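What follows is a set of notes on a single structure, which appears directly below.
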Amino acid sequence: MYEMRKVDIVRLMFLLILCVSSVRCIYAESFDGTADTDYAEIVYGGETEDPPVVQGCLDVNADNYNAEATIQGLDDYGNIACDYSSCDDIPDAEGCFYPNNYSAFNADFTPALCDEYGGTACTADNGVEPENVSVTFQVDMSSVETNAYGVYLAGGAFGQDGHLLTDNGSDVWSVTLELPPGQHLYKFRNQPSYGTWDGFEDPTGLISGGCNTGTYNDRFVDVADSDIVLDVVSYGSCTADAQDVYNSALQSNTNNALLSAGGDDSGSDISISYSIGQIFNDTHSSIHHGVQQTELGCTHIDACNYNINATDQDGSCQFAEVYYNCNGTCLNDTDGDGVCDELEIVGCQDDVACNYNLQATDSGTCTYANGCDECSGAIDGSGTLVDNDTDNDGVCNDDEILGCMDQSALNFDLNATDADGSCMIPSLITCGSSVTGSTTGTLNNYGGPSAEAIYRFEADVTGDYEFSSCGSDYDTYLRIYDANMNELYSADDDGDCNHQAIMNRELSPGSYYVLIEGYQELAGFYTLTVTCPTTSTEGNRSLTLSDSSPNYASNSPMLYNVQVFMEDSYGDGWNGNTYEISQSGSSFARGGRGFTTGYEAEESWMLAEGCYKMRVGGGGWPQEVSWHIVVSNPSSGTSTTQGTTGEVDLAVGSFDCGSHSWHNWARLDSPPQIEEVIESTVELELSTSLEMSTNLLTLNSKGLSEGERLYCQLYDVLGNLLASKEVVDARTDIAMDYLPAAVYMLKVSAYNNETLKTFKMVKH
């Protein structure tokens, strides 16, 4: 087989050109003839044979150049099967080479994709950032009616809106832009974009003229390192003529050509056929009887429908989608799920999770709602947890019940989970006191239809109590309620003070509420006075206690109402300061908690006649703290003691504290006998004990929850209330050293006066 080298091709081309001009052709071997067919033949040794077809790399700069190859070899993806060692060897200014193939860059295949696919990207700038150059675009709009809003250059990297051109006065529009080196795609548009990709010039003329490229048949300009002024072209045409006729020039490649010639014996004509190498251009031409022959088709070697025989680009090229080959198969699919690795989306695929991602193709971490939490509802992976328990009380926001949560309030709501500020907590009115106020503008929740004022009252002993509204400036009603706001008594116009009321009622020890209101819907200024009995009237007997202690008179000690008024000059409470009332050297007898907000607070105690110590301190800002104590008894009147932080003597009754020895008070000779009488069973554990050294009766409570309030009262066997105290801690102490040997009852009750437990105690 004859081996055709590059030098032979050059010589043969020269001879063939001579043959075309003289119709006949003479070789060194003296062959003479003409061809009858459209394709020439090579005659060896007097016999006619088809030229050999050998696929291989036709580029002499490639490492795997095959001198015997007759057509360029391609890989499965349509890439040139040539192997290059460096960017200097590749046939284009820019391209990408792999170990066994090569592909030039284009609009759909960029250096970034080359790197992503593991190839070596070669660019004209060799990594140096090129400088922008000025490029002037010009279009003649005289063949069409120019839009009133002007002509634009858009598409490609110029975007949807593009750039407005300027008319030179003769309907030739131009614009100069600063562009980086490289290929830029564009079209002219005879209108603004109006937010769409519509309105571009028809690509038909661009395709027929051969000045189109890419999927959308755009115009293109290759920018180098110097300014460019492009020729004026007619709108929709590749030339300045409105009707663009494009004749592609014959291109040759002396590095790679397949050449054949032939003729008949008559020497009447000759035909020449050759194919240009695929490395440098993708065109093929034929000359028949001196006339160039063309074949339309896709000439882009990277296209899926690349036509090796096409001579002219017809705009039909179809390229594989990015990340896929021409068969629609992923180039990279590690997990074999049909989704290309580059297109995988990692995310939560559980649709009940808060961060569920509907688009996720690979499983990721999921976040779930627990308790009161909810999901935000997004299904694109951006979903978050929504806190549905704002106050972190374990009750979901939708399940919260607003109401009064203070057990001391009239409208205490056992079911409430969130306080709403609606609590109605009556002020305390005590024996021998008188209060004034106005019902104008107050609420109407109880009694008749008029506005009202309500006070809390504690009855210490059984007896007749007098409640009077004398002195009020309007017609008033009086009503008495028990601790559960059940109405017990009412009075209207009773007594001798006109339309006001005086009501005498026998009350047993316990908590009551006194309501004053107007007749029908009247309101106004009122005065309310309470007078208490001096002795119990139970069984029409005066109750007294014998006293075996030498330090007391023969009668039981008289009880006094002790009101502790705490004041703060700044209005932010006592800042941790507390008061303590102790007696006869004991560490604790009566104790308050101080108060945390406001200018004042009040607490009341029932204390037996005697000497006490008042101690205040333990907190901050002592200069703001002050207090005064009012001691009252119906038979002996009232007395007042006041002070600040520190310790002072407090005399209750007519006791002479100056001559009294604190350490000579009687002590119990033996521990008290305690008998439990259980009236109701609750989860709360209650027990009592007595410390001999201090004569303190101790109530121990287990299971008392935060905010829960209990009360305990100490009675003698005749029902006289001797001491009352609120239970707020696990241990509550009651002083017993001033009491004589006798039988006592300790009653523990809830705020609603429900008895929880009663202890019987015998003091010997």
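Just so we're clear, the structure is a prediction, and the values are computed from it rather than from any experiment.
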For this session: Could you please spell out the steps behind the side-chain contact (heavy atoms from CB on, under 4.5 Å) verdict for Leu385 and Asn370?
Result: CA-CA 9 Å; Leu385 287 174; Asn370 294 308; over 6 Å; no
Exercise. Could you give the distance from CG (Leu697) to CG (Leu714), rounded to the nearest 0.5 Å?
Worked result: 7.0 Å
Exercise. Considering only heavy atoms from C-beta outward, does the side chain of Asn388 approach that of Asp373 to under 4.5 Å?
Worked result: no
Problem set entry | Within-4.5 Å side-chain heavy-atom neighbours: Leu478 and Ile502 | no
Problem set entry | Ser472 side chain vs Thr527 backbone, donor-acceptor pair below 3.5 Å | yes
Problem set entry | Ser632 versus Cys431, closest heavy-atom pair with distance | OG-O, 4.3 Å
Problem set entry | Glu580 (side chain) donor-acceptor with Met614 (main chain) under 3.5 angstrom | no
For this session: Classify the side-chain pair His628/Gln563 by whether it contains a donor and acceptor separated by less than 3.5 Å.
Result: no
Exercise. Do the side chain of Asp420 and the main chain of Ser422 share a donor and acceptor less than 3.5 angstrom apart?
Worked result: yes
For this session: Give a yes or no on whether a salt bridge exists between Asp649 and Lys613, defined as a side-chain N under 4.0 angstrom from a carboxylate O.
Result: yes
Exercise. Glu517 side chain to Gly448 main-chain N or O, any donor-acceptor pair under 3.5 Å?
Worked result: yes
Problem set entry | Closest approach of Asp389 to Cys372 (non-hydrogen atoms, all atoms of both residues) | CB-CB, 3.8 Å
Problem set entry | Closest contact, heavy atoms only, Ser701 versus Val727 | OG-CG1, 4.1 Å
For this session: Go through the side-chain N and O atoms of Glu400 and Thr417 and say whether any donor and acceptor fall under 3.5 Å apart.
Result: yes
Problem set entry | Flag for Thr476-Gln500: side-chain donor and acceptor within less than 3.5 Å | no
Exercise. Does any non-hydrogen side-chain atom of Glu466 lie less than 4.5 Å from one of Val530?
Worked result: no
For this session: Working to the nearest 0.5 Å, report the span between OG of Ser639 and CD1 of Ile629.
Result: 9.5 Å
For this session: Mind telling me whether Tyr465 and Phe457 have parallel, tilted or perpendicular rings, with 30° and 60° as the class edges?
Result: perpendicular
Problem set entry | Separation between NZ of Lys747 and CD of Gln713, rounded to the nearest 0.5 Å | 6.0 Å
Problem set entry | More than 12 heavy atoms of other groups within 6.0 Å of Tyr368 OH | yes
Exercise. Which atoms form the tightest heavy-atom contact between Ser438 and Thr442, and what is the distance?
Worked result: O-CG2, 3.7 Å
For this session: Decide if atom CD of Glu521 counts as having more than 12 heavy atoms of other residues, nucleotides or ligands within a radius under 6.0 Å.
Result: no
For this session: Using a 4.5 Å cut-off on heavy atoms from C-beta on, say whether the side chain of Glu726 contacts that of Leu710.
Result: no
Exercise. OG/Ser490 to CE/Met503 distance, rounded to the nearest 0.5 angstrom?
Worked result: 7.5 Å
Exercise. So, does Asn355 use its side chain to make a donor-acceptor pair with the main chain of Thr367 at under 3.5 Å?
Worked result: yes
Exercise. Counting N and O atoms only, with roles assigned by atom type, does the side chain of Trp627 sit under 3.5 Å from a partner on the main chain of Gln642, one being a donor and the other an acceptor?
Worked result: no
For this session: Establish, from distance only, whether the side-chain atoms of Ser469 and Tyr477 form a donor-acceptor pair under 3.5 Å.
Result: no
Exercise. So how far is it from Met424 CE to Phe412 CZ, rounded to the nearest 0.5 Å?
Worked result: 13.5 Å
For this session: Please examine the side chains of Tyr512 and Arg456, heavy atoms only from C-beta on, and report whether any two atoms are closer than 4.5 Å.
Result: no
For this session: Look at the aromatic rings of Phe595 and Trp574 and report parallel, tilted or perpendicular, splitting at 30° and 60°.
Result: tilted
Problem set entry | Residues, nucleotides or ligands: over 12 heavy atoms within 6.0 Å of Tyr489 OH | yes
Exercise. Is the side chain of Thr462 donor-acceptor paired with the backbone N or O of Ser508 at a distance under 3.5 Å, no angle test?
Worked result: no
Exercise. Taking it one step at a time, do Phe565 and Val630 satisfy side-chain contact (heavy atoms from CB on, under 4.5 Å)?
Worked result: CA-CA 8 Å; Phe565 297 91; Val630 177; 3.8 Å; yes
Exercise. Sequence neighbours excluded, which residues qualify as salt bridge (charged side-chain N to carboxylate O under 4.0 Å, His left out) partners of Asp475?
Worked result: none
For this session: Using atom types as modelled and distance alone, determine if a side-chain donor or acceptor of Asn577 lies under 3.5 Å from a backbone N or O of Gly619.
Result: yes
Exercise. Rounded to the nearest 0.5 Å, what separation is found between the CG atom of Asn411 and the CG atom of Leu443?
Worked result: 10.0 Å
Exercise. Within a strict 4.5 Å, meaning less than it, do heavy atoms of the Asn486 and Tyr481 side chains meet?
Worked result: no
Problem set entry | Shortest non-hydrogen separation from Ala353 to Cys366 and the atoms involved | CB-CB, 3.8 Å
Exercise. Do Phe525 and Thr436 touch side chain to side chain, with heavy atoms closer than 4.5 Å?
Worked result: yes
Exercise. Can you find a pair of side-chain heavy atoms, one from Asp572 and one from Thr597, that are under 4.5 Å apart?
Worked result: no
Problem set entry | Backbone of Ala483 reached by a side-chain donor or acceptor of Ser511 within 3.5 Å | no
Problem set entry | Glu487: partners by salt bridge (charged side-chain N to carboxylate O under 4.0 Å, His left out), with sequence neighbours left out | Arg479
For this session: Please step through side-chain contact (heavy atoms from CB on, under 4.5 Å) for the pair Leu528 and Ile429, ending with a clear verdict.
Result: CA-CA 9 Å; Leu528 176 62; Ile429 187 172; 3.9 Å; yes
Problem set entry | Among Ser433, Ser434, Ser468, side chain to side chain donor-acceptor pair (under 3.5 Å) partner for Thr529 | Ser434
Exercise. Backbone N or O of Thr732 within a donor-acceptor pair of the Lys725 side chain at under 3.5 Å?
Worked result: no
Problem set entry | Closest non-hydrogen atom pair between Thr439 and Ala453, with its separation | CG2-N, 4.0 Å
Exercise. Run the side-chain contact (heavy atoms from CB on, under 4.5 Å) check on Val625 and Thr645 step by step: do they pass?
Worked result: CA-CA 7 Å; Val625 174; Thr645 54; 4.0 Å; yes
